[in-house]
Protein chains: 2
Amino acid sequence: MKDVVSNCPIEEVMRVLSGRWPTLLLYYLKDGTKRFSDLQRDNPTLSHRMLALELRKLEVAGIIRRTAYPGYPLRVDYDLTASGLKLVPLIDALGGWWEDRAGDHVDPAKAKIQKRLVDAA
Amino acid sequence: MKDVVSNCPIEEVMRVLSGRWPTLLLYYLKDGTKRFSDLQRDNPTLSHRMLALELRKLEVAGIIRRTAYPGYPLRVDYDLTASGLKLVPLIDALGGWWEDRAGDHVDPAKAKIQKRLVDAA
DNA sequence: TGTAAATTACGCACTATTTTGTAACCAGGA
DNA sequence: TCCTGGTTACAAAATAGTGCGTAATTTACA
């Protein structure tokens with residue numbers, strides 16, 4: 001997933017939203033402003049470094065806003081931008097879709113079954 | 001992005017949709033049934049291995065349907081399932097969001113500017 | 001007539017590339 | 001010395017690409 005210029009909006013959103021963390025961070029920031037350390041606590045399996053990287057990615061994409069206060073110890077706040085807020089329901093819609101997709105959905109064993117059909121043919 | 005069981009639908013959708021290819025494949029399959037080789041031609045930068053892997057992932061997720069015909073040369077068709085069809089507009093919505101997010105969006109240089117602010121403090 | 005070659009949708013092993021984690025370091029005041 | 005929010009260098013892990021093999025039938029050609 002290198003720097004392939006794509007001009008396709010869908011490819012571009014996915015470049016930002018792909019991976020475990022972006023949507024999770026959105027989720028936590030829905031509730032309002034959070035500090036770096038809050039987000040660290042919220043998901044302990046996310047490494048310090050990755051948190052910093054992902055936050056910056058979201059910031060550059062205009063989804064979250066970073067506010068740094070002068071002074072020590074350091075203090076930095078993160079919250080959703082206007083467009084970040086608009087994104088949240090779209091993500092939720094995906095979650096909703098996943099939940100009631102169960103009806104017409106295929107059990108994980110199907111792949112093998114299909115394969116066997118081909119082999120037998 | 002290992003096999004972390006999550007029970008959160010959003011995390012689960014993203015596990016399937018993350019990466020460059022899933023949404024692209026959806027996009028090509030919108031137009032109807034395609035064969036493996038069609039999809040290969042549609043995006044030449046996708047290796048046959050990845051194509052096979054991604055297709056299977058989408059199949060197991062119940063988004064696409066795989067139909068293998070007996071006989072040689074081999075022939076396999078792929079098309080969207082009912083729930084796959086329902087997913088398409090949601091993805092499109094993300095694309096739409098990306099396009100008109102420009103207004104309240106931050107230019108890529110901002111990160112540096114912010115950093116300088118912090119440093120100066 | 002006999003045979004070699006092409007065809008399709010992959011699987012597999014091996015390598016290359018990318019992403020992620022770990023740990024250490026920084027700043028300057030309490 | 002600790003605090004916070006990073007950054008950097010190095011290591012480990014995950015992900016992606018390359019190229020060969022394969023199956024049964026048709027076509028190509030000497």
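All values below come from the heavy atoms of this structure, side chains included, with hydrogens, waters and symmetry mates left out. Reminder, nothing fancy here: chain letters follow the sequence lines and each chain counts from 1.
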Visitor: Begin with the C-alpha distance, continue with both residues' side-chain angles, and end with the deciding distance and a verdict on side chain to side chain contact (heavy atoms under 4.5 Å, CB included) for A:Thr23 and B:Glu11.
Guide: CA-CA 8 Å; A:Thr23 51; B:Glu11 287 187 71; 5.6 Å; no
Visitor: At under 4.0 Å, does any side-chain N or O of A:Tyr78 touch on OP1 or OP2 of D:dT4?
Guide: no
Visitor: Whole angstroms only, please: what is the CZ-P distance between A:Phe36 and D:dT7?
Guide: 9 Å
Visitor: Quickly work out the B:Lys57 NZ to C:dC10 C1' distance and round it to whole Å.
Guide: 18 Å
Visitor: Are any of B:Ser47's side-chain N or O atoms less than 4.0 Å away from OP1 or OP2 of D:dT18?
Guide: no
Visitor: For the pair made of CG in A:Leu46 and C1' in D:dG6, what is the distance, rounded to whole Å?
Guide: 14 Å
Visitor: Without decimals, in angstroms, what is the distance between B:Leu53 CG and C:dC10 P?
Guide: 11 Å
Visitor: Between C:dA9, D:dT7, C:dG28, which nucleotide gets closest to the side-chain atoms of A:Arg56?
Guide: D:dT7
Visitor: Ignoring hydrogens and geometry beyond distance, is a side-chain donor-acceptor pair present between B:Glu54 and B:Trp21 at under 3.5 Å?
Guide: no
Visitor: Rounded at 0.5 Å granularity, tell me how far CG in B:Leu51 sits from OG in B:Ser37.
Guide: 9.5 Å
Visitor: As a test of reading the structure: which of C:dT20, D:dG19, D:dT7 is closest to the side chain of A:Ala52, going by heavy atoms?
Guide: D:dT7
Visitor: Tell me, please, which residues at least two apart from B:Leu90 pass side chain to side chain contact (heavy atoms under 4.5 Å, CB included).
Guide: A:Ala93, A:Leu94, A:Trp97, B:Leu87
Visitor: Specify whether B:Phe36 and B:Tyr78 have parallel, tilted or perpendicular ring planes, treating 30° as the upper limit for parallel and 60° as the lower limit for perpendicular.
Guide: tilted
Visitor: Measure the distance from CZ on A:Arg15 to C1' on C:dT19 and round it to the nearest whole Å.
Guide: 16 Å
Visitor: As an exercise, state the distance from NZ of A:Lys30 to CD1 of A:Ile91, rounded to the nearest 0.5 Å.
Guide: 10.5 Å
Visitor: Is it true that A:Asp38 and A:Arg41 make a salt bridge, defined as a side-chain N closer than 4.0 Å to a carboxylate O?
Guide: yes
Visitor: Calculate the interatomic distance between A:Leu74 atom CG and D:dT4 atom P; express it in whole Å.
Guide: 10 Å
Visitor: Does the side chain of A:Arg35 get closer than 4.0 angstrom to OP1 or OP2 of D:dG5 through an N or O atom?
Guide: yes
Visitor: Compare side-chain N and O positions of A:Arg75 against OP1 and OP2 of D:dC3 and report whether any pair is under 4.0 Å apart.
Guide: no
Visitor: Of all the nucleotides listed (C:dG28, D:dG5, D:dG19), which has the minimum atom distance to the side chain of A:Tyr72?
Guide: C:dG28
Visitor: I want to confirm an ordering. Mapping B:Trp21 and A:Asp77 to their closest nucleotides on DNA chain D, which one lands closer to the 5' end?
Guide: A:Asp77
Visitor: By nearest atom, which of the nucleotides C:dA9, D:dG6, C:dT7 is closest to the B:Pro73 side chain?
Guide: C:dT7
Visitor: For residues B:Val60 and B:Arg56, determine if any side-chain heavy atom of one lies less than 4.5 Å from a side-chain heavy atom of the other.
Guide: yes
Visitor: B:Met50 has an atom CE; how far is it from atom C1' of C:dA9, in whole Å?
Guide: 16 Å
Visitor: In degrees, rounded to 10°, what is the bend between the two ends of the helix from C:dT1-D:dA30 to C:dA30-D:dT1, using five pairs at each?
Guide: 40°
Visitor: Rounded to the nearest angstrom, tell me the gap between atom CZ in A:Arg20 and atom P in D:dA13.
Guide: 16 Å
Visitor: Can you check whether B:Arg49 has a side-chain N or O nearer than 4.0 Å to OP1 or OP2 of C:dA9?
Guide: no
